[in-house]
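What follows is a short report on a single structure.
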Amino acid sequence: KTHTHHINPKPNVAPDETLAKWANKTKDALNEAEWVIRLNFKKGTFTDVVLSDELSSETGVLPEGIKYKPDTFRLKQAEFNSTGDDISGSKYKSIKYEELKNYLKFDSNMRKFTFRMSDFLKDKGYSVDGKLQEKQWYLFYKSTYEKGLKLKNKAEFKSKEITIPKVSYYQVAGGSGTGGGDLTNKIKIKKVDSNTNKPLGNAKFKIIKVGDPNKVWNIITNAQGEAE
């Protein structure tokens, strides 16, 4: 028997969003985390913008090897749609660490950094006066990671007009990672017998995304009655 389930469409971003932050897993999810900052979705104007960021944990103690990976820093101008996805394609180039490094400052442990974004925008010709004005951006970077750790990351957007903090987490308990960002495209199903409550294997499910019927996934439960 095939069961059909519908996935709700991705929600729209709040129109007044200035800063969003989340973690992604990479192919090397047990050893590194990728952090993503979405900037100025609202297309506001901000003066003297500085981004800061810090790695920590709930216990306040981090393993010695946890630190940022400077060469992974990448800034990209974007054009976000209503759900916060970048639809600019190849219109804007990624700005790599070599162009950013003079505007990035790390602490001695490589667990804190500040990015003088307005100075960068002015010096590189993206803004005459350094203001973050209407343009939207992504900032990507990675840190090292150790399996089982609940890694905490606090970002702060600071300008003359406003200061906004954001906290996100990254944790890998086994072979797959869980970030603190958008999980709307993930689903896990567990099928059990309605009479005995025992797991049912080999149950077939058809997953259809609401609003986009062309996106269909066919999945089958394993011996534990689970599928994802």
Side-chain angles (χ1 to χ4, degrees), residues 18-41 49-78 80 84-86 88 90 92-121 123-124 126 132 135-158 164-183 185-186:
T18 299
L19 175 69
K21 175 73 183 292
W22 64 88
N24 287 335
K25 74 173 183 179
T26 71
K27 292 181 180 179
D28 192 17
L30 295 177
N31 297 298
E32 70 176 12
E34 181 181 56
W35 306 96
V36 184
I37 292 180
R38 184 171 61 210
L39 286 166
N40 203 22
F41 179 85
V49 175
V50 175
L51 290 173
S52 61
D53 199 86
E54 181 177 2
L55 296 170
S56 62
S57 71
E58 290 296 312
T59 64
V61 178
L62 279 177
E64 187 174 343
I66 300 299
K67 59 185 179 180
Y68 294 112
K69 303 172 75 172
D71 290 346
T72 65
F73 277 69
R74 179 167 59 92
L75 182 69
K76 184 181 182 295
Q77 190 174 336
F80 299 123
D85 297 311
D86 182 11
S88 66
S90 59
Y92 305 110
K93 71 168 187 174
S94 287
I95 304 164
K96 297 183 179 180
Y97 175 67
E98 281 301 311
E99 293 184 70
L100 300 172
K101 65 182 182 181
N102 290 336
Y103 304 88
L104 282 164
K105 183 178 180 181
F106 297 90
D107 74 344
S108 59
N109 294 320
M110 297 297 291
R111 293 177 178 176
K112 296 180 183 179
F113 76 80
T114 55
F115 173 45
R116 295 181 290 109
M117 188 167 186
S118 281
D119 288 346
F120 170 83
L121 295 176
D123 292 350
K124 300 297 182 179
Y126 291 96
L132 180 59
K135 293 179 181 178
Q136 301 169 314
W137 297 85
Y138 264 138
L139 179 64
F140 303 89
Y141 49 98
K142 295 178 182 179
S143 70
T144 56
Y145 179 73
E146 290 189 11
K147 180 181 174 181
L149 174 69
K150 187 175 183 181
L151 185 56
K152 182 179 179 180
N153 182 275
K154 181 181 178 181
E156 184 178 82
F157 176 96
K158 188 173 184 179
I164 304 171
K166 287 286 181 181
V167 175
S168 54
Y169 298 87
Y170 182 85
Q171 185 172 30
V172 179
S176 60
T178 299
D182 175 21
L183 300 179
N185 294 323
K186 295 184 179 180

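Here, residue 1 is the first one in the sequence, and each next residue gets the next number.
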Looking at side-chain heavy atoms only, is the closest gap between W137 and V49 below 4.5 Å?
no
Inset, instruction - Please confirm whether the backbone N or O of N102 pairs with a side-chain atom of R116, one donor and one acceptor, at under 3.5 Å? - result: yes
Exactly one of Q136, K76, Q77 clears side chain to side chain donor-acceptor pair (under 3.5 Å) with D86, and that residue is K76
Scanning both residues in full, the closest heavy-atom pair of K154 with V167 reads CG-CG2, 4.0 Å
For S88 and A78 the tightest heavy-atom approach is OG-CA, 4.2 Å
Rounded to the nearest 0.5 angstrom, the OG-NZ distance for S118 and K158 is 13.0 Å
K142 side-chain N/O to T26 backbone N/O, donor-acceptor pair under 3.5 Å
no
Heavy atoms of T114 and S52 approach each other most closely as CG2-CB, 3.9 Å
Do S143 and W35 pair up side chain to side chain, a donor and an acceptor below 3.5 Å, judged on atom types alone?
yes
Practice task
Report yes or no: does R111 contribute a side-chain atom to a donor-acceptor pair with the main-chain N or O of S56 at less than 3.5 Å?
Solution key: no
So I66 and N109, do their side chains get closer than 4.5 Å, heavy atoms only? no
Ion pair present between K96 and E99, side-chain N to carboxylate O less than 4.0 angstrom?
no
(request) Could you label the plane-to-plane angle of the F106 and Y68 rings as parallel, tilted or perpendicular, counting under 30° as parallel and over 60° as perpendicular? (result) tilted
Between the CD atom in E156 and the CG atom in L51, the distance rounded to the nearest 0.5 Å is 9.5 Å
Just by distance, with hydrogens left out, do Y103 and D123 show a side-chain donor and acceptor under 3.5 Å apart?
yes
Output for pair (K124 NZ, I95 CD1), nearest 0.5 Å, gives 9.0 Å
Checking Y141, F140, F120 against L75 for side-chain contact (heavy atoms from CB on, under 4.5 Å), the one that qualifies is F120
When rounded to the nearest 0.5 Å, the distance separating OG of S168 from CG of D53 is 7.5 Å
- Can we say K150 and E58 salt-bridge, meaning some charged N sits less than 4.0 Å from an Asp/Glu carboxylate O? no
Problem set entry | Donor-acceptor contact below 3.5 Å, side chain T144 vs main chain G65 | yes
Exercise. For the pair Y145 and Y170, name the ring-plane relationship: parallel under 30°, tilted 30 to 60°, perpendicular over 60°.
Key: perpendicular
Value for CG (D107) from NZ (K105), rounded to nearest 0.5 Å, stands at 10.0 Å
field: E64 atom CD, neighbour heavy-atom count above 12 within 6.0 Å
entry: no
Note: S57 and L149 closest approach over all heavy atoms is CB-CD1, 4.4 Å
Of all heavy-atom pairs linking P70 and M110, the shortest is CG-CE, 3.2 Å
Answer yes or no: does atom NZ of K69 have more than 12 heavy-atom neighbours from other residues, nucleotides or ligands under 6.0 Å?
yes
Output, in order, the C-alpha distance, side-chain angles, deciding distance and verdict of side chain to side chain contact (heavy atoms under 4.5 Å, CB included) for M117 and L139. CA-CA 11 Å; M117 188 167 186; L139 179 64; over 6 Å; no
Between the CD atom in E146 and the CG atom in L30, the distance rounded to the nearest 0.5 Å is 11.5 Å
- Message: Quick one, W22 and R38 - any side-chain contact, counting heavy atoms below 4.5 Å?
- Response: yes
request  = Determine whether the aromatic ring centres of F73 and F113 lie less than 6.0 Å apart.
outcome  = yes
